[in-house]
Chemist: 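Below is one structure. I have some questions about it.
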Protein chains: 4
Amino acid sequence: MAEGWRVPRFGDLERTALPAGAPVGPGAVRLRMRAWSLNYRDLLLLRGAYDPRLPLPYVPLSDGVGEVIEAGAASGFRPGERAVATFAPGWIDGAPDADVVRTARGARTPGLAAAEVVLDARELVRVPDGLSDAEAATLPCAGVTAWTALFRHGGVRPGSGVVVMGTGGVSLFALQLARAAGARVLATTTSPGKAELLRELGAAEVLDAAPGWGKAARAFGVDLVVDVGGAGTIRESVEACRVGGTIALVGNLAAGPGLDPVPAFMKQLRLQGVFTGARRDLEDLIRGLGAIRPVIGATVPFDALPEAFAALEARAHGGRPLVGKVAVAA
Amino acid sequence: MAEGWRVPRFGDLERTALPAGAPVGPGAVRLRMRAWSLNYRDLLLLRGAYDPRLPLPYVPLSDGVGEVIEAGAASGFRPGERAVATFAPGWIDGAPDADVVRTARGARTPGLAAAEVVLDARELVRVPDGLSDAEAATLPCAGVTAWTALFRHGGVRPGSGVVVMGTGGVSLFALQLARAAGARVLATTTSPGKAELLRELGAAEVLDAAPGWGKAARAFGVDLVVDVGGAGTIRESVEACRVGGTIALVGNLAAGPGLDPVPAFMKQLRLQGVFTGARRDLEDLIRGLGAIRPVIGATVPFDALPEAFAALEARAHGGRPLVGKVAVAA
Amino acid sequence: MAEGWRVPRFGDLERTALPAGAPVGPGAVRLRMRAWSLNYRDLLLLRGAYDPRLPLPYVPLSDGVGEVIEAGAASGFRPGERAVATFAPGWIDGAPDADVVRTARGARTPGLAAAEVVLDARELVRVPDGLSDAEAATLPCAGVTAWTALFRHGGVRPGSGVVVMGTGGVSLFALQLARAAGARVLATTTSPGKAELLRELGAAEVLDAAPGWGKAARAFGVDLVVDVGGAGTIRESVEACRVGGTIALVGNLAAGPGLDPVPAFMKQLRLQGVFTGARRDLEDLIRGLGAIRPVIGATVPFDALPEAFAALEARAHGGRPLVGKVAVAA
Amino acid sequence: MAEGWRVPRFGDLERTALPAGAPVGPGAVRLRMRAWSLNYRDLLLLRGAYDPRLPLPYVPLSDGVGEVIEAGAASGFRPGERAVATFAPGWIDGAPDADVVRTARGARTPGLAAAEVVLDARELVRVPDGLSDAEAATLPCAGVTAWTALFRHGGVRPGSGVVVMGTGGVSLFALQLARAAGARVLATTTSPGKAELLRELGAAEVLDAAPGWGKAARAFGVDLVVDVGGAGTIRESVEACRVGGTIALVGNLAAGPGLDPVPAFMKQLRLQGVFTGARRDLEDLIRGLGAIRPVIGATVPFDALPEAFAALEARAHGGRPLVGKVAVAA
């Protein structure tokens with residue numbers, strides 16, 4: 001048995017002993033978990049808002065890093081190596097299939113909130129030395145989503161104009177990665193106090209996220225908007241984009257009938273839903289990180305996991321100046 | 001002076017003598033017009049609904065075919081050849097630039113409603129023998145829009161599942177071209193009497209366009225929806241599409257905040273605004289037509305041009321069983 | 001133990017009893033094999049020409065179809081269903097990784113020349129009712145290669161011009177699939193007697209594959225050449241292609257320094273090596289086959305497997321009028 | 001009449017008075033030329049090696065920058081602005097058509113070796129303030145070729161591995177642009193003295209361009225080779241590339257049957273001929289230059305144009321340590 005957490009009913013986190021996992025087959029490894037990272041999806045799942053019919057109890061947390069403590073002969077791993085799990089176990093490369101959302105980790109596929117887990121080697125990517133455990137744990141969902149939006153769908157390259165929103169995990173990754181690719185970045189924020197941080201991370205322009213920012217952003221030359229605001233921001237994003245530009249729809253903060261298709265048609269925009277990415281994207285992201293250090297806004301011990309969810313919840317309500325990711329340390 | 005039509009004030013068509021056009025430079029040709037085709041955009045322009053600040057009077061009609069009666073030395077054309085004009089004069093190939101919508105023909109760029117016009121050869125594509133004048137005149141807007149949606153953006157190939165809506169020009173082209181590419185087509189219609197025609201043109205399945213059709217279409221396996229209904233249909237289109245599918249936003253029937261971005265995100269859809277295409281797309285369409293004959297629902301003499309607009313208007317109000325394009329003959 | 005064949009030394013096929021395979025895990029199935037198909041690669045492997053350091057003995061045959069006789073609980077298959085194996089076990093979708101060639105079946109990954117095999121469900125695709133066992137067995141290598149060349153790399157659509165060479169498996173698939181996609185096909189052949197067959201399958205033009213055919217093919221308008229001849233044909237293929245066209249390099253008949261890079265540069269060609277494709281391509285091919293029936297030139301009983309290799313060898317030497325694939329029946 | 005140069009017979013440059021050009025139509029501008037840049041193609045043309053049937057005399061030089069001294073009303077330019085000419089006048093965006101090579105400037109389309117020229121505004125792109133005249137003059141051929149190879153065809157993004165060869169114009173642009181995009185660069189050189197410069201420009205690794213460098217480069221992880229050596233380097237490039245990688249074939253130094261198609265097939269490489277690019281690529285390059293300053297190895301006055309050709313010739317023969325572009329100043 002391994003120590004861990006589970007969700008016996010929506011809204012509740014319970015410390016528990018979890019089964020130790022399957023024996024380690026030739027293509028599998030056993031990991032001793034060292035760090036995790038929380039996503040807004042984890043919070044929605046916990047509340048029962050993301051998948052109300054999710055069978056309970058479930059084991060939470062999609063993103064985590066561990067040390068290999070037992071390695072199958074055909075796994076390609078050796079004990080002592082660190083590995084990070086992919087977000088959607090069966091998504092190796094290419095386009096998503098119908099199961100990606102349903103089988104993403106930390107829900108119908110058990111999460112990583114356990115001291116030890118056994119995973120197929122195909123669901124793991126090696127962590128390079130330059131990254132801390134917690135930094136690596138932020139990559140599978142937030143980092144890959146930003147990577148996919150910019151490079152699979154956005155075609156970002158030197159001189160591209162990219163809009164990012166606020167200081168959440170995906171947005172800060174998008175800002176950092178866009179800068180690494182030679183793009184120009186305009187950031188929006190509702191808290192003027194964060195403008196400085198956004199400029200330090202490389203934003204050439206920071207706009208107050210007040211109504212009308214989309215029109216104000218036009219002069220910047222916007223090829224891609226990484227829209228994390230859903231119905232609350234999509235109209236401004238359409239305003240901001242150049243003719244023929246792209247809006248990546250990521251995250252799921254605000255639902256509702258926000259988008260009028262006619263302006264999107266007239267501007268010949270591409271709107272692309274981005275739900276993380278494949279293992280290949282995680283590998284490419286890790287290779288492309290270079291000098292980028294993921295921004296971690298808070299780190300909470302594994303024993304205090306509910307506090308990590310509380311920190312995320314506070315941000316969702318604008319109550320705390322959290323920037324970047326919430327990490328959890330073993 | 002050449003006989004023609006102009007719009008002195010919104011809603012009004014006036015027979016007039018138009019200037020004979022510039023002298024024919026080395027890269028230009030003079031066309032004697034032989035046929036035209038109307039688009040819904042022509043009707044919206046006439047009403048003043050498309051571009052309320054359009055300077056008046058303007059010369060209407062974006063789509064037309066003529067016979068070369070005078071050819072500049074470097075034009076590449078010879079007298080007697082037939083040519084069809086591109087929809088957006090400066091759009092040669094590749095992505096649209098900011099001017100495409102503003103400079104499309106039949107508005108701020110003068111239309112073709114004249115007995116004779118002088119055009120740059122770069123704005124013309126030769127018409128092959130197999131097409132009638134009126135058939136060729138349906139290609140620049142409706143035909144190219146369908147082509148671009150299917151092949152530039154939709155990646156349609158044998159076995160793809162495509163949804164088309166109703167019996168307008170773009171939809172019937174999309175149906176015919178998708179079939180020519182080996183795709184399977186599901187058509188929706190509000191008038192059961194047209195189901196037969198849609199099946200004759202190759203639709204494997206025809207659904208009544210009643211609320212809920214999107215969900216009913218899912219089992220078909222939908223890779224691409226050619227959505228011509230705007231806010232009125234976009235929710236059903238999102239329902240219909242497979243995970244990772246594409247919705248081409250074409251035409252501009254119904255504005256309004258119809259699209260909730262969250263389901264589009266969760267299904268990882270791509271929504272792509274398609275405003276016709278480049279000269280290259282018109283050339284490719286003509287090459288790819290094969291045995292396809294554009295469907296012409298009504299033909300009106302040039303002298304009776306207002307009747308052509310009336311026919312289009314009637315369809316928009318569901319008053320007549322018009323299918324396919326409204327053509328005009330010299 | 002299951003009856004089968006192995007290669008104890010290059011050039012030799014030996015009837016043998018093979019291990020019955022691993023127990024059927026939750027994600028695996030046991031197949032009773034019903035048909036196989038031979039590729040030129042199988043012959044090169046047998047001769048020791050393809051991979052001279054291949055550890056012996058090895059189990060031959062990459063392509064095969066079987067009936068599920070035992071299905072793991074998580075396999076998604078049920079007993080009685082037919083399944084065809086993918087060519088490269090780990091290639092699910094997207095770009096190939098470094099291991100694709102090394103791990104392709106029938107070499108370092110054991111082949112399917114056995115009465116029964118146990119395979120992971122991720123390496124299998126369901127066979128639809130319309131295909132015979134032998135027909136389905138021709139798909140994983142020859143069919144997928146043609147599909148990938150045409151649709152992943154060639155962008156074939158209605159009106160495209162495609163050149164295919166001769167009457168081998170890949171070429172006939174390319175001819176049939178290109179026609180299904182509305183493309184025009186020019187076929188070359190060294191045996192005039194086969195011109196009729198090529199026309200029946202839909203070739204609009206057939207050229208004698210004599211020196212100079214490339215130049216003669218230019219007027220056809222060639223967007224894509226599916227080149228199966230290697231150094232022996234590449235110069236003609238470069239001649240044939242339009243500016244900006246594509247040459248798919250498939251198969252490996254003739255090595256040698258055949259290609260001058262300068263004309264390829266001046267014509268801005270794309271030359272793309274195509275080594276089959278991913279599981280996704282096999283799924284897409286099966287969905288896109290429509291009314292296409294794979295062409296099988298000879299069928300040999302499993303007990304007489306060496307005769308199948310002999311048939312293939314005879315074709316390579318021009319000795320027999322074999323067209324299409326060599327199949328093997330259980 | 002305007003002072004200029006022409007080539008009365010291959011190998012000879014003659015100072016001459018050129019016609020002052022057409023009157024400036026509404027869409028055209030008159031430029032007073034301020035700087036030019038030479039390409040290896042200019043040298044091959046002069047020798048008669050590039051296009052032996054080129055009608056004589058011709059006006060040389062494809063690449064140049066001028067100041068607008070007269071601007072047509074619809075040109076979009078104003079007097080005093082600087083503009084750089086596109087390499088192939090009719091290539092606006094998208095794929096090349098058959099005429100691109102034949103109509104490239106400085107050959108069958110008159111070159112820019114004149115004090116004044118009249119050009120259509122569609123053939124011109126505005127020069128931003130940060131670039132000198134000579135720097136801007138290096139962009140249309142060498143700069144655009146590197147841009148197109150990296151971003152249209154190579155998909156370069158952070159972490160990509162790129163190989164460049166030597167210190168010519170295209171290679172140095174490719175090195176600088178790849179670095180700006182966050183890629184890793186390995187450079188080869190035949191002169192060890194230039195390794196330092198290549199490292200200063202950002203090369204992570206420099207290899208002696210001796211036989212076998214391709215194999216030595218493998219460990220670097222090569223996604224893209226920008227091959228400027230033709231038959232002389234293509235075998236090493238194939239060795240260097242990862243499975244599924246890309247080789248951009250640019251320039252035309254060495255013809256001959258250098259490429260064996262079989263290894264390219266087995267490694268599933270893409271070889272892409274790159275002959276500069278469209279006006280859109282020049283615009284994108286200028287937008288993407290950021291802090292990059294083009295490397296100019298020598299500047300020669302317009303009155304001494306033959307010396308500029310001599311400098312280029314010397315490099316081709318390895319006689320001088322020229323790096324980067326040869327510029328010409330008015």
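Every chain is numbered from 1, with letters handed out A, B, ... down the list of sequences. All figures in this text were calculated on a predicted structure; none of them were measured in a lab.
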Chemist: Please tabulate, one pair per line, all N/O donor-acceptor pairs under 3.5 Å involving side-chain atoms of residues 196-203 of chain A, not counting sequence neighbours.
Modeler:
none

Chemist: Out of A:S160, A:G182, A:G161, A:G155, which one racks up the most heavy-atom pairs below 4.5 Å with chain D?
Modeler: A:S160

Chemist: Show every salt bridge (Lys or Arg N to Asp or Glu O under 4.0 Å) that has at least one partner inside residues 141-164 of chain A, sequence neighbours left out.
Modeler: A:D93-A:R152, A:R152-A:D281, A:R157-D:D284

Chemist: Does any non-hydrogen side-chain atom of D:P158 lie less than 4.5 Å from one of A:R287?
Modeler: no

Chemist: Check whether A:R184 gets within reach of chain D through its side chain, its backbone, both or neither, counting any heavy atom under 4.5 Å.
Modeler: side chain

